[in-house]
Amino acid sequence: MLNVINVHKSFNGIPVLKGVSLRVKRGEVLCILGPSGSGKSTLLRSVNHLERIDTGAILLDDSYVGYRRAGDLLHELKPNDVADQRADIGMVFQRFNLFSHLTVLENIVEAPIGVRHESRTSAEARGRELLTQVGLDGREDSYPSQLSGGQQQRVAIARALAMDPKVMLFDEPTSALDPELVGEVLAVMRSLATAGQTMLVVTHEIGFAREVADRVIFMDDGLVVEEGSAADVLTNPRHARTRDFLGKVL
Ligand code: ADP
Ligand code: MG
């Protein structure tokens, strides 16, 4: 479903992605591990058009997110196509990024109504279903500031799901949370995975990766240095870098 091919990206001449390739199949959960600064967020942001890659290709289903080779632009999406494709990609960030002046339900229906022109009635009905799904039944009229970090992050997940994305990207969704709130967010992510949602998850939660990931990749210094089943990568890492990292987070 998602195909990332030899992606390069530099900031101010400093390479951050140095030829990253990966594939995510429909219904698969791929966890990305790696030290801070290895390029994980840049990779996710590139998939979601928040960064423009220098060279390489990113394909969602068969449509291009971007395709460049050796600096020559071979194909670039028009702004309308970018908007369409973004609607197919849900993203959940480390910080919850909810609109603070909107209620929980207004946060969730904003894109379905504003972008997809759904009727308010059907968007709200679906929004309430999603709130039940993330365990926040009855909180539709709360404002984000009235919720805990874990509850806000679950609203952020519901908001992303409201567009029925083909793939959900999670960028360290629990690392800004107090430890006692991490479990409730991971539980929602686990249930999504079980329901067959295609997911690309950057996380330091090794237990989650071990239990939920179909495959794990380990990134270091702008490259994928290891890839395999969760058991392989987490139990028998081949590279010293991976062992080193796991030694620190486990
Ligand atoms: P990770 O998510 O693995 O911690 P990032 O993708 O956030 O890594 O960052 C990788 C490197 O790219 C870091 O050295 C970071 O400072 C740099 N970087 C990320 N975004 C920008 C930006 N917008 N401008 C300049 N440098 C950036
Ligand atoms: Mg990051």
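Throughout, residue positions are numbered sequentially from 1 according to the sequence presented. Start at 1 and go down the list; that is how both ligands and their atoms are numbered.
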Under-4.0 Å salt bridge between Arg215 and Asp232: no
Does Arg159 make a cation-pi contact with Phe99 (under 6.0 Å, within 45 degrees of the axis)? yes
Top protein contact for atom 7 (O) of ligand 1, by heavy-atom distance: Ser41 CB, 3.6 Å
Using distance alone, determine whether Phe11 and ligand 1 share an N or O pair under 3.5 Å. no
So, are Asp164 and Arg126 salt-bridged, with charged N and O less than 4.0 Å apart? yes
Heavy-atom contacts with Ser36 under 4.0 Å: which atoms of ligand 1 show up? List them by number with element. 4 (O)
Got a sec: is Ser41 within less than 2.8 Å of the Mg ion (ligand 2) via an N/O/S atom? yes
Below 3.5 Å, N or O to N or O, backbone or side chain included: is there any such pair between Gly39 and ligand 1? yes
I'd like to know if Asp61 and Lys166 make a salt bridge, using a cut-off of under 4.0 Å between side-chain N and carboxylate O. yes
Measure the distance from atom 12 (O) of ligand 1 to every protein heavy atom, then report the residue, atom name and distance (to 0.1 Å) of the closest one. Val16 CG2, 3.1 Å
Straight-line distance of Phe170 CZ to Ile32 CD1, nearest 0.5 Å: 12.5 Å
Geometry only, no angles: is Lys40 polar-contacting ligand 1 at N/O separations under 3.5 Å? yes
Less than 4.0 Å between atom 19 (C) of ligand 1 and some protein heavy atom, yes or no? yes
Flag Glu51 as yes when one of its N or O atoms lies below 3.5 Å from any N or O atom of ligand 1, and as no otherwise. no
Determine, using ring centers only, whether His239 and Phe245 are less than 6.0 Å apart. no
Which residue and atom name correspond to the protein heavy atom nearest atom 5 (P) of ligand 1, and how close is it? Thr42 OG1, 3.7 Å
Can you find a protein heavy atom under 4.0 Å from atom 24 (N) of ligand 1? yes
Distance filter under 4.0 Å to Pro35 heavy atoms, resulting ligand 1 atoms: 3 (O)
So, Asp171 and Ser41: side-chain donor and acceptor under 3.5 Å apart, yes or no? yes
Looking only at side-chain N and O atoms, does Glu51 offer a donor or acceptor that is under 3.5 Å from a partner on Ser46? no
Looking only at protein heavy atoms, identify the closest one to atom 14 (O) of ligand 1 and say how far it is in Å. Gly37 O, 4.3 Å
According to a 4.5 Å side-chain heavy-atom criterion applied to Ile, Leu, Val, Met, Phe, Trp and Tyr, with indirect links allowed, do Leu130 and Val115 form part of one hydrophobic cluster? no
